[in-house]
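Remarks on the structure that follows.
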Amino acid sequence: MNDASDAARPNEAPEHFVREMIAADVASGKHGGRVVLRFPPEPNGYLHIGHGLRPITLNFGLAQEFGGRCNLRFDDTNPVAEEAEFVDAILADVRWLGFDWGEHLYYASDYFDQLYLWAEELIGKGLAYVCDLSSDEIREYQGTLTEPGRPSPYRDRSVAENLDLFRRMKAGDFEPGARVLRAKIDMASSVLPMRDPVLYRIVKASHHRTGDRWCIYPMYDFAHPLSDAIEGVTHSLCSLEFTDHRPLYDWCVENCSVPSRPEQTEFGRVGLTYTVMSKRWMKRLVEEGHVRGWDDPRMATLAAQRRRGVPPAAFRNLARDLGLTRRNITVELARYEHAIRTELNKTAPRVMAVLHPLKVVIENWPEGHVEEFEAVNNPEDPSAGTRKVPFSRELYIEQDDFLEDPPKKFFRLAPGREVRLRAACLVKCESVVKDASGRVTELRCTWDPATRGGDAPDGRRMQATLHWVSAAHAIPAEVRLYETLFSVEDPMGAAAEQGVEYTHFLNPKSETVLTGARVEPSLAGATPGAAYQFERLGYFAVDPDSKPGALVFGRTVTLRDEWAKVQKKGG
RNA sequence: UGGGGCGUCGUCUAACGGUAGGACAGCGGCCUUUGGAGCCGUGUGUGGAGGUUCGAAUCCUCCCGCCCCAGCCA
């Protein structure tokens with residue numbers, strides 16, 4: 001994790017309340033001075049940017065800082081929602097972000113036997129009972145935000161009867177919904193989760209790991225604190241919405257004979273503008289075909305960001321820079337993109353690619369003659385070296401880089417004007433060839449042999465430097481340009497406000513597929529996942545859709561673009 | 001409405017009773033063989049009202065606003 005990207009800001013991250021708390025606990029010898037954290041995803045879907053920017057980087061990062069460890073535990077207590085496929089995807093995402101759980105990969109389902117024993121312990125202590133109320137009835141008895149609940153008629157069953165019933169629940173004697181095991185706490189509590197919460201329910205579904213061995217499954221509120229205790233977790237970090245559950249977390253740990261005393265601390269979640277993060281809403285985008293799949297580069301999943309070419313270091317660095325508070329926050333897309341550019345600027349090799357080719361013929365360059373110019377691979381990193389780029393009589397430049405009648409602040413090529421071709425030479429536009437409709441189809445230029453390499457011996461300065469490829473040597477490639485999936489900052493908020501579906505705000509231009517692009521020949525062997533900067537255009541990654549001889553690039557993020565800004569202001 | 005959480009530039013975030021600072025965005029400029037990168041400059045933002053204090057973003061009181069909780073989801 002200490003790669004070059006952190007050089008500008010060595011080691012120490014800014015302080016925040018959780019770091020201070022852990023430091024204080026270590027100093028005071030609490031938990032024996034140990035630091036054990038955990039990242040506890042439920043394998044019921046894909047991880048998203050919010051996970052990458054907070055819980056993952058926070059837990060694994062703090063564990064590293066304090067020389068402790070971070071367990072990766074799947075909170076798989078609900079077989080109807082969970083699948084092994086998601087386990088694999090989550091593992092891959094965490095690994096991709098650069099974290100290692102070592103031997104500490106766990107599953108809450110591995111603790112089912114122990115959890116069951118603790119449930120019986122609670123029954124024995126008179127702290128839990130089997131309740132025959134239906135879920136509707138339980139809700140009725142629960143009261144409301146302002147009114148206290150009423151005790152279940154089954155609340156005072158004997159220990160023996162509870163034990164018998166619970167064992168029969170486990171044995172499969174009852175149907176789902178017939179009975180549940182509830183904690184006996186306080187039906188009048190102002191904290192709703194304390195009103196005799198359900199601890200176990202009957203579920204007759206196959207579990208991705210335990211199969212059909214169980215037909216009763218523990219609820220999160222029971223399984224989570226006890227799983228933490230089993231693993232010796234010292235600091236159980238979770239998001240704000242679990243704050244109300246903390247009293248119950250503590251109740252479980254206090255009333256079961258657990259081997260350790262973990263403590264829960266809550267932090268705020270991270271959201272991103274122009275995207276939707278929730279599982280349910282992302283799922284709809286996939287199912288309704290608005291995107292190519294869960295890893296479509298426009299999606300907010302980590303798998304999608306990886307495919308798009310986002311470097312994992314950008315996540316770690318941005319997560320660190322965001323700090324940590326007890327507030328749910330929304331990060332501006334620009335800040336996410338900034339983190340990506342900062343990283344890629346240091347690491348991505350530069351290369352030339354022409355997205356919308358415009359033919360250029362160098363009239364004073366001999367037919368059939370080829371020369372190789374030496375191009376710098378990364379001006380930010382001399383160790384990246386140089387490469388040879390072939391130059392010949394017929395080239396392609398970007399259509400956007402020529403205007404027959406240029407406006408004031410347009411510095412690029414125009415009739416009679418001279419510009420530099422990156423790493424090559426200076427060329428001057430002598431004339432323009434048009435088709436019958438008047439469209440410019442070709443530029444006739446001349447080059448100045450004295451400017452080989454790009455510098456003019458007489459010192460004349462160029463207003464612009466253009467990227468280019470040699471027509472005969474360039475490789476055709478498909479290039480996919482991405483913009484935000486939604487056209488408004490807060491799709492869910494806007495939908496609620498305007499009373500329309502959030503899909504109403506899908507950006508029709510979120511993906512543009514270009515099939516006529518040409519890239520320089522050095523890219524011939526590029527492999528999926530590789531990230532490049534297409535000079536003057538942006539950062540692009542080789543998409544896994546690429547096949548031998550048929551490269552597909554996807555745009556990770558554009559370069560900052562002053563000209564685009566000028567145009568926007570003028571238009 | 002009961003309980004809980006939270007209010008500092010547009011967005012994040014510092015300041016832990018002693019000059020409200022940084023990052024991103026924006027704006028202006030410099031530089032440039034990427035209109036990239038880099039560099040320089042640019043901001044009266046502490047939700048409100050009282051109070052305590054020599055001094056309050058920070059402590060107290062009241063008010064206002066936003067978020068979370070009434071799954072046999074996590």
Side-chain angles (χ1 to χ4, degrees), chain A residues 14-16 20 40-42 44 75-78 80-82 131 133-135 138-140 142-149 176-182 189-195 197-203 216-217 219-221 223-224 238-247 266 268 270 273 279 318 321-339 341-342 345-346 350 352 375-376 378-380 409-412 420-424 426 451 453-455 461-467 533-538 558-566:
Chain A
E15 285 304 333
H16 61 235
E20 284 175 357
E42 181 190 16
N44 70 341
D75 245 329
D76 55 352
T77 58
N78 181 12
V80 303
E82 298 149 9
C131 179
L133 254 23
S134 70
S135 60
I138 286 182
R139 193 180 316 123
E140 285 168 30
Q142 191 182 207
T144 67
L145 293 179
T146 52
E147 311 156 41
R179 293 178 220 268
V180 293
L181 181 73
R182 300 176 70 178
S189 174
S190 54
V191 179
L192 270 42
M194 293 296 269
R195 319 242 262 226
V198 172
L199 264 24
Y200 266 90
R201 77 284 214 192
I202 298 168
V203 179
I216 55 171
Y217 290 88
M219 297 288 290
Y220 165 87
D221 281 318
H224 197 85
C238 64
S239 44
L240 252 24
E241 67 269 28
F242 291 101
T243 305
D244 290 345
H245 297 241
R246 194 184 335 134
E266 310 83 20
V270 176
T273 55
K279 257 164 214 167
L318 178 56
D321 292 348
L322 287 176
L324 185 72
T325 58
R326 289 182 63 91
R327 303 157 65 177
N328 290 325
I329 63 168
T330 303
V331 172
E332 288 182 339
L333 217 221
R335 188 151 180 198
Y336 179 59
E337 294 190 337
H338 174 80
R341 288 193 193 97
T342 300
N345 178 47
K346 286 177 291 198
R350 271 57 169 176
M352 290 194 283
V376 169
N378 187 346
E380 302 295 318
K409 287 185 177 161
F410 184 85
F411 304 145
R412 287 110 95 141
R420 172 167 39 239
L421 293 184
R422 171 116 247 230
L426 305 188
T451 62
D455 281 314
R461 328 278 300 177
M462 292 301 108
Q463 283 258 70
T465 299
L466 311 186
H467 58 279
Q533 182 195 106
F534 286 180
E535 292 218 42
R536 304 207 304 135
L537 297 174
T558 62
L559 247 23
R560 285 183 63 227
D561 188 346
E562 291 299 319
W563 170 237
K565 247 190 253 174
V566 171

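We name chains A, B, ... by the order of the sequence lines, and we start the count at 1 in each one. Computed over heavy atoms, backbone and side chain alike; hydrogens, waters and symmetry mates excluded.
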Of all the choices, [options], which nucleotide is nearest to the side chain of [X] once you look at every atom?
X: Glu241(A); options: G5(B), C68(B), C73(B); result: C68(B)
X: Met219(A); options: G2(B), G35(B), C73(B); result: C73(B)
X: Asp244(A); options: G26(B), G4(B), C73(B); result: G4(B)
X: Arg201(A); options: C27(B), C73(B), G5(B); result: C73(B)
X: Glu535(A); options: U34(B), G36(B), U11(B); result: U34(B)
X: Arg350(A); options: A74(B), G36(B), A25(B); result: G36(B)
X: Asn328(A); options: G36(B), C67(B), U11(B); result: C67(B)
X: Arg326(A); options: C69(B), U34(B), C6(B); result: C6(B)
X: Ile138(A); options: C72(B), U34(B), G35(B); result: C72(B)
X: Glu380(A); options: A37(B), A74(B), G35(B); result: A37(B)

- Query: Given that Asn345(A) and Tyr220(A) both sit by RNA chain B, which one's nearest nucleotide is further toward the 5' end?
  - Reply: Asn345(A)

- If you find the nucleotide of RNA chain B closest to Ser190(A) and the one closest to Phe534(A), which residue's nucleotide is nearer the 5' end? Ser190(A)

Rounded to whole angstrom, note down the [atom1] distance from [N] over to [M].
N: G17(B); M: U52(B); atom1: C1'; result: 11 Å
N: G4(B); M: G55(B); atom1: C1'; result: 34 Å
N: U42(B); M: C54(B); atom1: C1'; result: 35 Å

Quick one: is [X] getting a side-chain N or O under 4.0 Å of the [N] phosphate, OP1 or OP2?
X: Arg341(A); N: A37(B); value: no
X: Arg412(A); N: G35(B); value: no
X: Thr243(A); N: C69(B); value: no
X: Arg327(A); N: U13(B); value: yes
X: His338(A); N: C24(B); value: yes
X: Lys565(A); N: C27(B); value: yes
X: Arg560(A); N: G35(B); value: no
X: Arg461(A); N: U32(B); value: yes

Indicate, with a heavy-atom threshold strictly under 4.0 Å, whether [X] touches base, sugar-phosphate, or nothing.
X: Pro379(A); answer: base
X: Leu133(A); answer: base
X: Leu145(A); answer: base
X: Glu337(A); answer: nothing
X: Ser134(A); answer: base
X: Gly323(A); answer: nothing

- Opposite nucleotide pairing with C6(B), Watson-Crick or G-U, both atom distances under 3.5 Å: G65(B)

- Syn or anti for G38(B) (syn when the glycosidic angle lies within 90° of 0): anti

- Message: Can you tell me how far apart CZ (Arg350(A)) and CG (Asn345(A)) are? Round to the nearest 0.5 Å.
- Response: 5.0 Å

- Distance-only donor-acceptor test (3.5 Å): side chain Arg335(A), base U11(B): no

- Message: In this structure, how many angstroms lie between the C1' atom of A25(B) and the CG atom of Asp321(A), rounded?
- Response: 15 Å

